[in-house]
Structures are given as structure tokens and as C-alpha cells.
Amino acid sequence: MLETTFSIVKPDATKRNLIGKIVSRFEEEGLCVRAMKMKQLSAQEAEGFYAEHRERPFFKDLVNFMTSGPVVLMALQGEGAVLRNREIMGATNPADAAEGTLRKLYAESIEANSVHGSDSAESAARELAYFFSGIELYNN
Ligand code: ATP
Ligand code: MG
């Protein structure tokens with residue numbers, strides 16, 4: 001099924017000049033960029049985005065990390081894009097991530113793990129709407 005998912009190149013990756021490598025990988029894997037913008041998130045924006053983790057012990061650190069530099073926000077479209085994106089990213093903790101996944105290749109730690117990807121179609125819809133207006137999304 002043709003789907004659109006939401007992806008972020010996180011601050012640890014933008015700082016190390018990895019935007020192009022990460023976007024290229026998605027394109028090579030058959031996902032198409034349908035919206036893209038670079039932005040430094042405010043604390044409020046990061047807290048709202050990760051609201052599901054509000055009660056977790058790492059929440060404050062996560063918000064500090066996500067606001068520590070610019071991020072690249074993207075809509076990625078393709079067959080089964082939600083799951084495909086998660087496969088390309090690999091496990092949350094790079095120590096557990098499969099060979100060749102973006103997190104295995106680039107993540108610095110379980111927190112500074114280079115990329116975000118929506119974990120379900122419902123999350124994708126919420127996250128896309130959180131950062132993009134309808135007119136910013138192509139072919140949707
Ligand atoms: P994301 O939602 O960013 O794609 P994920 O779905 O693989 O990652 P989640 O459980 O949703 O993982 O956690 C969200 C983010 O919070 C992680 O990507 C990571 O940056 C951070 N995080 C998760 N677990 C921890 C932890 N134990 N310690 C520190 N940071 C963590
Ligand atoms: Mg998640």
C-alpha cells in the first residue's frame with residue numbers, strides 16, 4: 001500500500017554533516033521525499049512531538065537533545081513506507097541495530113540516534129500534521 005511516513009534527521013546527524021547521506025539512503029531504498037524543511041525546534045515543539053514519552057525518565061534529556069541544533073523534517077512516500085522506514089533506521093539503541101541500518105551506521109547513542117521514524121500509520125498521520133500543512137505535502 002502506498003503510504004506517507006514522517007522522518008526526522010536529528011541534531012546529532014545534522015551537526016556531523018550527514019543530511020545528504022541519510023536522505024540518499026531513503027531515496028536509494030525507493031522512498032520519495034514529498035515535503036522537507038530544516039528547523040530548530042523549540043522546547044514546546046519537541047515536548048508536543050514526543051508527548052507519548054512525557055513520563056519517561058529520559059524525557060527532559062530527549063527534549064534538550066532534540067532542541068540542541070537544527071533538524072530536517074521530512075515526509076517520505078512509498079510502498080509500505082512506515083515499516084520500510086523503520087527497517088532502514090534500525091533499532092532505537094545502535095548497539096542493537098542490524099548491520100547496514102542508519103542507526104548502526106551513524107547513531108552515537110540510544111538518545112543521539114540520528115533519525116526518527118513514525119512507528120505506525122496513525123503516528124505518521126499525527127506527526128505529518130504536526131509539522132506540515134496540507135499544501136506543503138506533494139502528491140498526497
Ligand atoms: P523515534 O521515536 O525517535 O523514531 P524510536 O521509536 O525508535 O525512536 P522511542 O521509544 O519512540 O524509540 O524513543 C524516542 C526517542 O527517545 C529515541 O529515538 C531516543 O532518541 C530517545 N530514547 C529512547 N529510549 C531512551 C533511553 N532509554 N535513554 C535515552 N534516550 C532514549
Ligand atoms: Mg518512537
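All ligand and atom numbering here is 1-based and tracks the order in the structure. Below, each value reflects all heavy atoms present in this structure, side chains not excepted, and no hydrogens, waters or symmetry copies.
Of the listed residues (V23, V9, L73), just one forms a side chain to side chain contact (heavy atoms under 4.5 Å, CB included) with M36, and that residue is V23.
Near ligand 1, residues K10, Y50, H53, F58, L62, R86, T92, R103, I110, E111, N113, H116, G117 each place a heavy atom inside the 4.0 Å sphere around the ligand atoms.
Contact check on R84 versus E87 returns a salt bridge, with a Lys/Arg side-chain nitrogen under 4.0 Å from an Asp/Glu carboxylate oxygen.
In this structure, the side chain of E3 engages the main chain of A81 through a donor-acceptor pair within 3.5 Å.
Within the 4.5 Å cutoff, the side chain of H116 has heavy atoms near those of the Y50 side chain. A heavy-atom distance below 4.5 Å is found between the side chains of V33 and L76.
Expressed to the nearest 0.5 Å, how far CZ of F59 lies from CZ of R54 amounts to 5.0 Å.
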